[in-house]
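As structure tokens, the structure follows; a few thoughts come after it.
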Amino acid sequence: MFPEFTLRYARLPDRFFLRFDPVPVEAPRLLAFNRPLAEELGFDPAAFDEVLDDPLAAETFAGNVVPAGAEPLAQAYAGHQFGHFNPRLGDGRAVLLGEVTDREGRLRDIQLKGAGCTPFSRGADGRAPLGPVLREYLVSEAMHVLGIPTTRALAAVATGERVFRRVPEPGAVMTRVASSHLRVGTFQYFAARGDEEAIRLLADLAIERHYPELAALPPETRYLSLVEAVQARQARLVAGWMGLGFIHGVMNTDNTSVAGETIDYGPCAFMEAFDPEQVFSSIDEGGRYAYRNQPWIAQWNLARFAETLIPLIDDDADRAVGRATAVIQAYPDQYEAEWLAVMRGKLGLAGEEEGDRELAEAFLEAMAAGRADFTLAFRGLSEAVEGDAAGLLERFDTGEALQEWLPRWRARLAREDADPATIAARLRGTNPLYIPRNHQVEAALAAAAEGDLTPFETLAEVLASPFEEQPGHEEYAMPSPAGQAVFRTFCGT
């Protein structure tokens, strides 16, 4: 079933990982299989039709059977977790099977998450509960369709075993696909050990896999250019999150991919009522990773990345620090440009004018004042283009600030080279109607824990077409009913 494995990471020196076979599970049962992604990866199409009923598929995606050609391993990395450095983290419940080359010629990692207690588990059980596995499956696939770079979900398997978190829960294993699992924390692991050779090998691997245009540069500019390239992708990624009201929840350096993908969906959530201070993570008591802080935490993480490359940037350490600092200090302008591009799109603006930033900020301020649902407020702009703002106003508890803003927005739209119908269509294609709302996700996960996958499957189907109105599924576009809002989410996978 699996395509041929490449094993690029497994050919690095042994200090980059620990060999580790997945720990077999008791009674694997395949719950979800992402056929479009499998086709993209080059899996054998003949195996698709019966895959959900194929015991070998369940055994393979659970880790009981290691695919031919794979060499499972747990990757070593470190990381700043909520600002505190841990020099040895590593894959505590995940194993990398290897890499495959997809149909577009891109190398993609295939990893089993929840595969057992590895040497990096730090006393944990190495397993994953069903709920967090299905949450990551739903949210990562939704993010992909929404246009945000992300890891992907290929399969989810129930293990037939229980895991113990706050309460006993059904266990599961997720098959995750990524452009790579190279993290800022991977570089930090070797920087903490003074291993310059390993840092150079990692940097060259990152360039080979993600930034091949840098390979021809001389060493004196290549590695600083890598910092610039990673920074550009992070600025674009976080601007995309901000444009969806998405809160990652654990922006630790070990959860920061140098490929510029969203990785590790733990206590993540999409905001409903707009609040820049919103935090969902149960462990983020100080609000470090609140919505409004995400751009600046990304910059902080990028500074930690640049620090690891100092020995490669310049032989003179002081000069290297100065060059790297100049790059990191350019981040606010880069992020601002990316954020403004996202906001122009969400306001229906194709052109650029001087006052667009203030216009976008004023709409967000009106949303905050009116406690408006983030997703539906932006979606409602498509109805308000031609003057009918009644539906939009209904989304605001108080509409005074919005009513003051609407004439400014319409005057700005009048200077666009497009008619109202075209702008309205542009808005509907940019602002989603359906997102993974916490209460719906939690309801689907609760049903799955009781053996009913129908709510999960229905929600996944709705989220696959987030910009299109879907008659009969109107409730999936609605904010949580009174008393059903979910404000705390947990790590778990």
Side-chain angles (χ1 to χ4, degrees), residues 139 142-150 232-248 260-262 270-272 274 276 291-292 294-295 298 331-368 372-389 391-392 395 402 405-436 463-469 477:
V139 180
M143 290 284 271
H144 171 69
V145 178
L146 289 166
I148 305 298
T150 180
R233 287 201 188 174
Q234 283 293 318
R236 188 173 306 118
L237 175 67
V238 177
W241 292 356
M242 301 296 277
L244 290 171
F246 175 76
I247 301 170
H248 184 279
E261 292 182 332
T262 314
F270 289 77
M271 268 196 297
E272 293 193 325
F274 179 60
Y291 173 80
R292 74 181 310 157
Q294 292 183 133
Y331 170 86
D333 289 340
Q334 288 178 292
Y335 170 74
E336 175 79 13
E338 295 290 351
W339 178 85
L340 188 52
V342 168
M343 286 297 148
R344 282 192 174 110
K346 293 185 74 64
L347 296 178
L349 308 178
E352 299 180 8
E353 288 190 7
E354 188 68 27
D356 291 346
R357 180 178 184 274
E358 290 73 19
L359 185 69
E361 288 180 338
F363 185 58
L364 292 174
E365 290 168 3
M367 287 168 56
D373 182 87
F374 187 96
T375 300
L376 295 183
F378 277 105
R379 181 74 176 192
L381 293 176
S382 59
E383 302 172 5
V385 171
E386 298 178 271
D388 182 11
L392 178 60
R395 301 297 176 200
L402 175 64
W405 178 83
L406 283 170
R408 293 174 56 191
W409 175 60
R410 290 188 180 122
R412 174 65 181 85
L413 290 181
R415 297 192 293 274
E416 287 285 302
D417 188 20
D419 59 66
T422 299
I423 293 173
R426 184 190 296 163
L427 286 162
R428 287 191 295 272
T430 302
N431 296 313
L433 180 58
Y434 303 100
I435 57 166
L463 295 174
S465 300
F467 301 100
E468 302 171 13
E469 293 188 12

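Everything quoted here is computed from the prediction, not taken from an experiment. The basis for the numbers below is simple: all heavy atoms, side chains too, and nothing from hydrogens, waters or symmetry mates.
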For this session: Enter the distance from Met143:CE to Glu261:CD here, rounded to the nearest 0.5 Å.
Result: 11.0 Å
For this session: Check whether any side-chain heavy atom of Leu340 sits under 4.5 Å from a side-chain heavy atom of Asp356, and report yes or no.
Result: yes
Exercise. Where do Leu376 and Leu433 land on the side chain to side chain contact (heavy atoms under 4.5 Å, CB included) test, with the steps shown first?
Worked result: CA-CA 7 Å; Leu376 295 183; Leu433 180 58; 4.0 Å; yes
Seminar exercise, completed: dist Leu381:CG -> Ile423:CD1 (nearest 0.5 Å) comes out at 11.5 Å
Exercise. Are the side chains of Glu383 and Asp388 in touch, meaning some heavy atoms are under 4.5 Å apart?
Worked result: no
Exercise. Does the pair Phe374 and Phe270 meet the rule for a ring-ring contact (aromatic ring centres under 6.0 Å, His included), with working shown?
Worked result: CA-CA 9 Å; Phe374 187 96; Phe270 289 77; 9.4 Å; no
Problem set entry | Approximate separation, where rounding is to 0.5 Å, of Gln234 CD and Gln294 CD | 11.5 Å
Exercise. Do the charged groups of Arg357 and Glu336 touch, with an N to O distance under 4.0 Å?
Worked result: yes
Exercise. How long is the gap from CG on Leu427 to CG on Leu349, to the nearest 0.5 Å?
Worked result: 8.5 Å
Seminar exercise, completed: Across all chains, not counting sequence neighbours, the side chain to side chain donor-acceptor pair (under 3.5 Å) partners of Trp241 are Thr262
Exercise. Side chains of Met242 and Tyr291: does their closest heavy-atom pair fall under 4.5 Å?
Worked result: yes
Seminar exercise, completed: Scanning both residues in full, the closest heavy-atom pair of Ala372 with Ala377 reads CB-CB, 4.2 Å
Exercise. Is Glu416 paired with Arg412 through a side-chain N to carboxylate O contact shorter than 4.0 Å?
Worked result: yes
Problem set entry | Nearest non-hydrogen partners of Leu347 and Phe378, listed with the distance | CD2-CE2, 4.1 Å
Exercise. Looking at side-chain heavy atoms only, is the closest gap between Thr375 and Tyr434 below 4.5 Å?
Worked result: no
Problem set entry | Spacing of His144 atom NE2 and Leu463 atom CG [to the nearest 0.5 Å] | 13.5 Å
Exercise. Any sub-3.5 Å donor-acceptor pair from Arg426's side-chain atoms to Gly348's backbone N or O?
Worked result: yes
Seminar exercise, completed: For Pro432 and Thr430 the tightest heavy-atom approach is CD-O, 3.5 Å
Exercise. Minimum heavy-atom separation for Trp339 to Ala360, with atom names?
Worked result: CH2-CB, 4.0 Å
Problem set entry | Tyr331 and Pro295, any side-chain heavy atoms less than 4.5 Å apart | yes
Problem set entry | Rounded distance (nearest 0.5 Å) linking atom CZ of Arg428 with atom CD of Glu468 | 11.5 Å
Exercise. Would a 4.5 Å heavy-atom cut-off, applied to side chains only, mark Ile148 and Leu237 as touching?
Worked result: yes
Problem set entry | CD (Glu353) with more than 12 external heavy atoms under 6.0 Å | yes
For this session: Measure across Arg410 and Ala389 and return the closest heavy-atom pair with its distance rounded to 0.1 Å.
Result: NH2-CB, 3.7 Å
Seminar exercise, completed: On a heavy-atom basis, the closest approach of Met343 and Gly243 is CE-CA, 4.0 Å
Problem set entry | Under 3.5 Å: donor-acceptor pair, side chain of Arg395, backbone of Asp373 | no
Exercise. Within a radius of less than 6.0 Å around CG of Asp419, do more than 12 heavy atoms belonging to other residues, nucleotides or ligands occur?
Worked result: yes
Exercise. Quick one: does Phe467's side chain get under 4.5 Å of Asn431's, heavy atoms only?
Worked result: no
